[in-house]
Novice: 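Right, I'll just put the structure down here and ask away after.
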Amino acid sequence: MKKYIWSLFLASGFIFQVQAQDIPAGPYDLQTAVDIALENNLTLKRSELNQLSNEATVMQNKGARYPTFSTGASTGYRWGRSINPVTNLFETARIGNINLSANSNVTLFAGSRVTNTLNQSQTNLEAGLYNIEATKNNITLNIINLFVNVVFNREQVNIAESQLATSKEQLDRTKKLVEAGSLPLSDQLDLQSQNATNELEVINARNNLRISKLNLAQAMQIPFTEDFQVIEPEFVINENLMATETPEIIYNTAVEIMPEIKLAQSNVESAEYGVKVAKGAFLPTLGLGANLFSNYVDQAFGTERPTFGQQIENNLSQSVNLNLSIPIFSQLNNKANVQRARVQKQISEVAEIEAKNTLRQDIETAYNSALSAEQSYEANLIRLEAVQESFRIAQQRLDAGAINSVDFQVAQNNLFNTQADLLNAKYTYIFRVKVLDFYLGNPINLN
């Protein structure tokens, strides 16, 4: 038992090691991150396994069109007074017998329930494929959003570190001027306070970056390590980046290609077949059956006992029968099943409307966000030029003693906030535009 447990432990460790080796080493580009997430996502795996179950259901329903066929045999002994199964006479003896049988049944008509059930299962199989595609799209969009957050927070760290370096430089200069008696000590204390604030900003930015990396790694279903890195795409923002289509045009395109819409439509079609199946229960069922039977008894008939083959041949019987079942009253079960099927169809129709409304709202939100981010990005570009020039002048005036440290801190904070606003607008703009491209059926990438 100990050897078995130890072997199982080693095997489990080997499997884990193989799985760990299958994970590509970083840094990760966007496509690699998406591929790993699709490979490891358990929701997607569950959908794919459910699809195998749907395939089995289709196979089963196809088989309902074919005849059944089974054979069997039995043997036994009886003691005392009993009927000889061959002579049909009462005998008081030990009787051994072997029975052989074969039978087959086929449904000729069942109110089209066999056909409609098969059509329903095939529709469910198609819906399962759309569900898998919709799941993949959701995973991809989520990974892109998390990937963008990592890149965004990394640039936030760069800005914060740049601001900290600037404040340290100014603090060093101010200390020298204070020591020389050119500036009051209060200026040095103000800059020390600002330097501490900038150090806190760097800590917060690095923490936000670490959290964004953690979120991405968890979405990829891989272990998170401190050396987790991503490869930043070459973002290109130009006047052609924003989609020229209106939200209405984008929606009309998306409603024809998005798998979640096709999934909802397939569910409606499946529910329609469900109504037909339920209605079929009101119609008669006609079946055809056939049977073969023979047996062998280990008793003599007269002066001799026929051989096994002779008895099987002599005792062979055949039968063919038609079975007709006409439903007259089913305690309202059939009527209730039809009502439930119709309700399920209405629920599926409502779900289709909800899916279309959600799609329209998502497109409108993405479009308005992209438009707003585009305008914000362009405005912040202009604003950044002015704030950078203002900060440059503030540095010169601080060095010349023309302004105090408080005024310089205001200029520095304005620059930091403008850079942060520009970054936020930039990445919001890029992500929302890519989402619109996704709804138009274009490949998702950040280049």
Side-chain angles (χ1 to χ4, degrees), residues 30 144-174 190-191 193-212 230-243 366-400 402-436 446-447:
L30 176 61
I144 290 179
N145 186 33
L146 295 175
F147 193 95
V148 168
N149 284 339
V150 172
V151 178
F152 167 73
N153 284 305
R154 189 162 63 186
E155 292 202 20
Q156 287 281 54
V157 170
N158 294 336
I159 292 176
E161 289 176 344
S162 176
Q163 293 296 318
L164 177 60
T166 300
S167 64
K168 284 183 176 180
E169 182 181 350
Q170 292 298 327
L171 178 59
D172 292 339
R173 292 179 182 178
T174 301
D190 289 338
L191 283 175
S193 175
Q194 181 62 38
N195 188 73
T197 300
N198 290 342
E199 287 179 346
L200 180 60
E201 294 288 347
V202 170
I203 293 173
N204 291 336
R206 289 174 178 172
N207 185 53
N208 291 335
L209 175 60
R210 189 175 186 277
I211 292 174
S212 64
V230 301
I231 300 175
E232 181 176 347
E234 295 181 1
F235 297 107
V236 178
I237 295 182
N238 52 51
E239 58 183 8
N240 297 323
L241 181 62
M242 183 66 182
Y367 185 87
N368 289 330
S369 296
L371 189 62
S372 175
E374 179 188 29
Q375 296 171 349
S376 177
Y377 176 76
E378 293 174 350
N380 276 293
L381 277 177
I382 299 173
R383 178 189 171 198
L384 181 61
E385 293 180 1
V387 172
Q388 284 176 332
E389 180 63 19
S390 176
F391 178 72
R392 186 187 65 82
I393 295 173
Q395 280 185 312
Q396 293 177 346
R397 297 184 66 188
L398 178 67
D399 295 339
I403 61 172
N404 56 34
S405 59
V406 175
D407 293 332
F408 174 76
Q409 291 173 16
V410 171
Q412 187 182 47
N413 289 336
N414 285 339
L415 177 61
F416 179 82
N417 292 334
T418 303
Q419 290 173 329
D421 291 343
L422 179 63
L423 272 182
N424 184 51
K426 173 185 176 181
Y427 288 105
T428 301
Y429 180 38
I430 291 173
F431 178 71
R432 294 302 178 184
V433 169
K434 294 305 177 181
V435 170
L436 295 178
L446 294 178
N447 296 324

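Note that these values count all heavy atoms, side chains included, but never hydrogens, waters or copies made by symmetry.
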Novice: Please report the shortest heavy-atom distance between Leu436 and Ala366, naming the atom on each side.
Specialist: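 In this case the closest contact between Leu436 and Ala366 is CD2-CB, 3.9 Å.
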Novice: Identify the heavy atoms of Leu209 and Arg154 that sit nearest to each other, and give their distance.
Specialist: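 Taking Leu209 first and Arg154 second, the nearest heavy atoms are CD1-N, 3.6 Å.
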Novice: Go through Val435 and Asn145 one step at a time and tell me if the side chain to side chain contact (heavy atoms under 4.5 Å, CB included) criterion holds.
Specialist: CA-CA 10 Å; Val435 170; Asn145 186 33; over 6 Å; no
Novice: As an exercise, state the distance from CG of Asn153 to CG of Asn158, rounded to the nearest 0.5 Å.
Specialist: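 Here the rounded value is 11.0 Å.
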Novice: Considering only residues two or more places apart or on different chains, which pairs with a residue in residues 148-170 satisfy ring-ring contact (aromatic ring centres under 6.0 Å, His included)?
Specialist: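 As it turns out, the ring-ring contact (aromatic ring centres under 6.0 Å, His included) pairs with a partner in residues 148-170, which skip direct neighbours, are Phe152-Tyr427.
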Novice: Mark yes or no for whether Ser212, through its side chain, and Asn208, through its backbone, hold a donor-acceptor pair below 3.5 Å.
Specialist: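 The answer is yes, because a donor-acceptor pair under 3.5 Å joins these two groups.
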Novice: Kindly write out the residues that satisfy salt bridge (Lys or Arg N to Asp or Glu O under 4.0 Å) with Arg432, not counting sequence neighbours, or none if the list is empty.
Specialist: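 If we apply the salt bridge (Lys or Arg N to Asp or Glu O under 4.0 Å) test to Arg432, skipping adjacent residues, there are no hits.
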Novice: Taking Asn414's backbone N and O only, do any of them form a donor-acceptor pair with Thr418's side chain (distance below 3.5 Å, no angle check)?
Specialist: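 Side chain of Thr418 to backbone of Asn414, a donor-acceptor pair under 3.5 Å: yes, one is there.
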Novice: Do Ile144 and Lys434 have side-chain heavy atoms sitting under 4.5 Å apart?
Specialist: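 Side-chain contact under 4.5 Å: no.
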Novice: Can you find a heavy atom in the side chain of Glu385 that is under 4.5 Å from one in the side chain of Glu389?
Specialist: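 When only atoms from C-beta onward are counted, Glu389 and Glu385 do not touch, as no gap falls below 4.5 Å.
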Novice: Taking atom CD of Gln395 and atom OG of Ser390, what is their separation to the nearest 0.5 Å?
Specialist: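 The distance works out to 10.5 Å.
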Novice: Return yes if some donor-acceptor pair links the side-chain N/O of Thr428 with the main-chain N/O of Asn424 below 3.5 Å, else return no.
Specialist: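 Answer holds: yes.
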Novice: Only one of Gln412, Glu199, Gln163 forms a side-chain contact (heavy atoms from CB on, under 4.5 Å) with Gln194, so which one is it?
Specialist: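 Only one option passes, and that is Gln412.
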Novice: More than 12 heavy atoms of other residues, nucleotides or ligands under 6.0 Å from CZ of Arg210: is that the case?
Specialist: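 Open.
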Novice: Grab the two heavy atoms, one from Thr166 and one from Phe391, that are nearest each other, plus how far apart they are.
Specialist: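 What the structure gives for the nearest pair is CG2-CZ, 3.4 Å.
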Novice: If I take atom CG from residue Asn198 and atom CD1 from residue Ile203, how far apart are they, to the nearest 0.5 angstrom?
Specialist: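 It is 11.0 Å, given to the nearest 0.5 Å.
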Novice: Tell me whether Arg383 is salt-bridged to Asp421, with the criterion being a basic N under 4.0 Å from an acidic carboxylate O.
Specialist: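 Result for this pair is yes, salt bridge flagged.
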Novice: Could you check if a side-chain atom of Glu155 sits within less than 4.5 angstrom of a side-chain atom of Gln419, using non-hydrogen atoms only?
Specialist: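 Not in contact.
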Novice: Output the distance between atom OG1 (Thr197) and atom CG (Leu164), rounded to the nearest 0.5 Å.
Specialist: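 The OG1 atom of Thr197 sits 10.5 Å away from the CG atom of Leu164.
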Novice: Hey, could you give me the CD1/CG distance between Ile159 and Asn417, rounded to the nearest 0.5 Å?
Specialist: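 It comes to 10.5 Å.
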Novice: Which pair of heavy atoms, one from Ala425 and one from Ala373, lies closest together, and at what distance?
Specialist: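 Closest approach of Ala425 to Ala373: O-CB, 3.7 Å.
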Novice: Roughly how far, to the nearest 0.5 Å, is the OG atom of Ser372 from the OH atom of Tyr429?
Specialist: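 The OH atom of Tyr429 sits 11.5 Å away from the OG atom of Ser372.
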